[in-house]
*Asks:* 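One structure coming up, written as C-alpha cells, with questions to follow.
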Amino acid sequence: MIVAGDSFPVGPAGGPDLPAPRPADLLAWYDAHRRQLPWRSAPGTVADPYHVWLSEIMLQQTTVVTVGPYFQRFLARWPTVADLAAADLDAVLKEWAGLGYYARARNLHACAQAVVARHGGRFPADESALLDLPGIGAYTAAAIAAIAFDLPATAMDGNVERVLSRIYAVTDPLPGSKPTLKALASALVPAKRPGDYTQALFDLGATLCSPRNPCCVLCPWRDACRGRRDGIADLLPRKAEKAAKPTRRGVAFWLTNARGQVLLRRRPESGLLGGMMEVPSSAWEPGADLAYTRALAWAPAAVDWQRLPGIVRHTFTHFHLELTVVRGHLVDDGAAVDGVWCAPADFHDQALPTVMRKVVTWARSGGKD
DNA sequence: TATCCGTGGGA
DNA sequence: TTCCCAAGGAT
C-alpha cells in the first residue's frame with residue numbers, strides 16, 4: 001500500500017490523518033449514479049470489446065457529447081470489427097470528418113484489420129497484446145482490458161490523474177507527476193469489479209471531481225481526500241505552462257470549372273489533416289502574410305485569381321491559422337489539374353476537415369458573413 | 001522527453 | 001476574446 005506523505009511528493013499534512021480511499025465506496029456510488037452511455041452495456045454485464053475499443057478511440061481527447069453521434073453512425077454502418085476491417089479507408093475518413101485527430105481514423109482502420117489478421121476478429125483479452133495494435137497506447141490498452149474483459153488494469157487518463165492528484169494532494173505538476181499518479185492509481189485497483197471501478201473513476205472525474213468547481217460534498221471519497229482537507233482540491237492537478245500558439249498564414253484556391261464543380265485535393269497521408277481532402281492551398285507559414293506573388297506559385301492553375309475580402313480563421317492544437325481565399329475559374333476544364341472536381345452539393349460526402357468546411361462556406365458566400 | 005496532431009463548448 | 005479542456009498516441 002502506498003501512503004500519502006510517505007515517499008511521494010504530496011501536499012502538507014496540515015490536518016488530521018485521513019482514511020485511505022476505499023474502492024468499495026466508489027463502486028457503491030457508481031451503482032447508484034452510473035451514467036448510461038451509448039457504448040455501455042447493461043449493469044452487471046461486460047460490454048462488447050468492439051464497442052469498447054471504438055468508443056475509447058473516439059473518446060481520446062474528445063468529449064462524450066461529441067462522440068455520441070459518431071459512435072452510433074460507425075456502429076450502424078460497420079456492426080463488427082470485421083465489417084470495419086473490410087471497409088475502404090476513405091469511407092472511414094469520411095465518417096470521421098469533423099471529429100479531429102485524423103490519425104485516429106487511419107489507425108482505427110489498421111487496427112481493425114490487425115484484429116482480423118492476428119486475432120481472428122476477436123480483440124485479445126490481454127493488455128500487452130492490445131498495446132501492440134495500431135492506435136492503442138498505454139491508456140487505451142488498460143481501458144479495454146478493464147472494461148471489456150474485467151481485468152485489473154490501471155487506465156490512466158485525464159480523469160484519473162485529476163482524481164488521484166486531489167485524493168493524495170499531489171502538488172507536483174503534470175506531466176512530471178504521471179509516474180507518481182500511476183503508482184498511486186495502481187495500488188487502488190480492486191480485484192473485484194475492476195472494470196466497473198475503472199468506469200466509476202471516469203464518471204467521478206466527469207461529474208463531481210470536475211476540472212473546475214468540483215462538487216466535493218457529494219463525493220464518495222470526500223472523507224479520504226487530502227486535497228479537500230488541505231483546501232486545494234480545485235487547484236489540482238497543477239500543470240506545466242504551455243507555449244503560446246504562433247499564427248500561420250496561407251492562401252486557399254477556390255477553383256471552379258464550366259460545370260460548376262470545385263477542385264479538391266487529398267492531403268499527404270501523414271502530418272496535419274493527413275489523408276483528408278482540402279481546398280488546394282499554399283503552404284501555411286508562420287510570420288507575416290505570404291506575399292501574393294509567392295502564394296500564386298502554389299496555385300493549382302494559371303488563371304485570374306480574385307482575392308475575397310476577409311479571412312478564414314481556425315485554431316489547431318498548436319497554432320492559429322489565417323487563410324486568405326482567392327477564387328478563379330478554369331474555362332478549359334480539359335486542362336490537367338492536380339485534384340478532383342466535386343460539385344458543392346456533394347461536399348457533404350467528402351472527407352473535409354472543419355477548417356476546409358469553413359473555407360467552403362466563406363468561398364460560396366463570396367466573403368460575406 | 002518534447003512536439004505534433006482537431007474540434008467544439010464553456011468560463 | 002482568449003484560454004482551457006475532453007476516456008491520448010505516435011514519433
Side-chain angles (χ1 to χ4, degrees), chain A residues 35 37-40 47 51-71 93 96-108 110-111 130-148 153-163 174-176 178-179 182 185 195 197-207 209-213 234-235 237-248 267-276 278 284 313-321 351-358:
Chain A
R35 294 194 299 170
L37 302 172
W39 41 88
R40 278 191 178 164
H51 298 184
V52 174
W53 163 72
L54 180 60
S55 67
E56 288 300 338
I57 300 299
M58 289 183 167
L59 286 163
Q60 290 168 6
Q61 300 291 286
T62 310
T63 60
V64 165
V65 172
T66 299
V67 165
Y70 284 88
F71 177 81
L93 290 176
W96 197 276
L99 200 51
Y101 286 135
Y102 297 100
R104 290 187 295 173
R106 298 194 298 277
N107 285 328
L108 185 84
C111 183
L130 288 165
L131 193 55
D132 284 336
L133 293 166
I136 295 182
Y139 160 74
T140 304
I144 296 173
I147 299 171
T154 306
M156 294 302 295
D157 76 327
N159 286 308
V160 180
E161 288 174 352
R162 183 170 59 256
V163 170
L174 288 168
K178 280 177 180 286
K182 174 71 181 293
Y197 169 81
T198 298
Q199 295 179 87
L201 271 180
F202 297 163
D203 279 11
L204 184 66
T207 59
C209 199
S210 48
R212 287 179 291 265
N213 302 316
D234 61 331
L235 303 178
R238 291 181 55 197
K239 297 191 177 182
E241 290 186 22
K242 298 166 185 172
K245 291 180 182 178
T247 297
R248 300 184 193 176
R267 294 177 60 84
E269 289 301 314
S270 62
L272 185 69
L273 307 175
M276 301 295 284
E278 68 171 353
W284 302 344
R313 300 175 191 278
H314 188 77
T315 298
F316 294 97
T317 308
H318 52 296
F319 67 91
H320 302 289
L321 178 64
L352 286 168
T354 296
V355 61
M356 288 302 153
R357 294 188 183 275
K358 289 183 181 178

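Here is the naming used below: chain letters follow the sequence lines, and residue numbers restart at 1 for every chain. These numbers were taken from a predicted model, which means no experiment stands behind them.
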*Asks:* Contact between A:Val160 and A:Lys182 at the side-chain level, heavy atoms closer than 4.5 Å - yes or no?
*Replies:* no
*Asks:* Please report, rounded to the nearest Å, how far the C1' atom of B:dC5 is from the CG atom of A:Asn107.
*Replies:* 12 Å
*Asks:* Could a donor-acceptor pair under 3.5 angstrom be found where the side chain of A:Thr62 meets the base of B:dG8?
*Replies:* no
*Asks:* Below 4.0 angstrom from OP1 or OP2 of B:dT7, is there any side-chain N or O of A:Arg357?
*Replies:* no
*Asks:* Between A:Arg40 and A:Asp203 (salt bridge meaning N to carboxylate O under 4.0 Å), is one present in this structure?
*Replies:* yes
*Asks:* Answer with base, sugar-phosphate or nothing: what part of the nucleic acid does A:Gly274 contact at a heavy-atom distance below 4.0 Å?
*Replies:* nothing
*Asks:* Just checking, A:Arg104 and A:Trp53: is the charged tip under 6.0 Å from the six-membered ring centre and within 45° of the axis?
*Replies:* no
*Asks:* Which is true for A:Arg162 with a 4.0 Å heavy-atom rule: it touches a base, it touches only sugar-phosphate, or it touches nothing?
*Replies:* sugar-phosphate
*Asks:* From the set B:dC5, B:dT7, C:dA6, return the single nucleotide nearest to any side-chain atom of A:Phe319.
*Replies:* B:dC5
*Asks:* Would you kindly give the NE2-to-C1' distance between A:His320 and C:dT2, to the nearest whole Å?
*Replies:* 8 Å
*Asks:* Nearest to the side chain of A:Leu272 - B:dA11, C:dA6, B:dG6?
*Replies:* B:dG6
*Asks:* Taking the minimum atom-to-atom distance to the side chain of A:Tyr101, which one of C:dA7, B:dT7, B:dC5 wins?
*Replies:* B:dC5
*Asks:* May I have the distance from A:Lys245 (atom NZ) to B:dC4 (atom C1'), rounded to whole angstrom?
*Replies:* 12 Å
*Asks:* To the nearest angstrom, how far is A:Leu352 atom CG from B:dG6 atom C1'?
*Replies:* 15 Å
*Asks:* Within this structure, what is the CD-CD1 distance for the pair A:Gln199 and A:Ile147, rounded to the nearest 0.5 Å?
*Replies:* 4.5 Å
*Asks:* Does a side-chain N or O of A:Lys242 approach OP1 or OP2 of C:dC5 to a distance below 4.0 Å, or not?
*Replies:* yes
*Asks:* Using OP1 and OP2 only, check whether a side-chain N or O of A:Gln61 sits under 4.0 Å from C:dG8.
*Replies:* yes
*Asks:* For the side chain of A:Pro353, counting heavy atoms from C-beta on, which of B:dT7, B:dC5, C:dA6 is nearest?
*Replies:* B:dT7
*Asks:* Across the strands shown, which category fits A:Leu37 at heavy-atom distances under 4.0 angstrom: base, sugar-phosphate, nothing?
*Replies:* base
*Asks:* Give one of base, sugar-phosphate or nothing for A:Leu273, where a contact means two heavy atoms less than 4.0 Å apart.
*Replies:* sugar-phosphate
*Asks:* Report the nucleotide, chosen from B:dG6, C:dA7, C:dC5, that has the shortest atom-to-atom distance to any side-chain atom of A:Lys239.
*Replies:* C:dC5
*Asks:* Side chain of A:His318 only, please: which of B:dC4, B:dG6, C:dA7 is the nearest?
*Replies:* B:dC4
*Asks:* Answer yes or no: is there a side-chain heavy-atom contact under 4.5 Å between A:Thr315 and A:Lys245?
*Replies:* yes
*Asks:* Respond yes when some side-chain nitrogen or oxygen of A:Thr140 is under 4.0 Å from OP1 or OP2 of C:dG9, and no when none is.
*Replies:* yes
*Asks:* Between the side-chain atoms of A:Thr354 and the base atoms of B:dG6, is any donor-acceptor pair under 3.5 Å?
*Replies:* no
*Asks:* Could you check how far CG of A:Asp234 sits from P of C:dC5, rounded to whole Å?
*Replies:* 13 Å
*Asks:* Enter the distance from A:Arg162:CZ to A:Asp157:CG here, rounded to the nearest 0.5 Å.
*Replies:* 8.0 Å
*Asks:* How would you label the contact of A:Ile57 with the nucleic acid (heavy atoms, under 4.0 Å): base, sugar-phosphate, or nothing?
*Replies:* nothing
*Asks:* Which part of the nucleic acid does A:Ala243 contact within heavy-atom distance under 4.0 Å: base, sugar-phosphate only, or nothing?
*Replies:* nothing
*Asks:* Select base, sugar-phosphate, or nothing to describe what A:Arg35 touches, counting heavy atoms under 4.0 Å on all strands.
*Replies:* base
*Asks:* So what does A:Trp39 hit on the nucleic acid, given a heavy-atom distance under 4.0 Å: a base, only sugar-phosphate, or nothing?
*Replies:* base
*Asks:* Using heavy atoms to find the nearest nucleotide of DNA chain C for A:Pro134 and A:Gly205 separately, return the residue whose nucleotide is more 5′.
*Replies:* A:Gly205
*Asks:* Please give the distance between the P atoms of B:dT3 and C:dA7 as a whole number of Å.
*Replies:* 24 Å
*Asks:* Can you check the A:Tyr70 OH to B:dG6 P distance for me, whole Å?
*Replies:* 13 Å
*Asks:* Can you tell me if the side-chain N/O atoms of A:His314 get under 4.0 Å from OP1 or OP2 in B:dG6?
*Replies:* no
*Asks:* Quick check for you: to the nearest 0.5 Å, what is the distance between A:Arg313 atom CZ and A:Leu321 atom CG?
*Replies:* 10.5 Å
*Asks:* Taking C:dT11 as the reference, what is the distance to B:dG6 when you measure between their P atoms (whole Å, please)?
*Replies:* 14 Å
*Asks:* Counting side-chain heavy atoms from CB outward, which of C:dA7, B:dG6, C:dC5 is closest to A:Arg212?
*Replies:* C:dC5
*Asks:* Measure the distance from CZ on A:Phe202 to P on C:dA7 and round it to the nearest whole Å.
*Replies:* 9 Å
*Asks:* Taking the nucleotide of DNA chain B with the closest heavy atom to each, which residue, A:Gly271 or A:Asn213, is nearer the 5' end?
*Replies:* A:Gly271
*Asks:* What is the separation between atom CG on A:Leu321 and atom P on B:dT7, rounded to the nearest whole Å?
*Replies:* 11 Å
*Asks:* Can you confirm whether or not the ring centre of A:Tyr70 sits under 6.0 Å from the ring centre of A:Trp96?
*Replies:* no
*Asks:* Can you figure out which of C:dG8, C:dC5, B:dG6 approaches the side chain of A:Phe316 most closely?
*Replies:* B:dG6
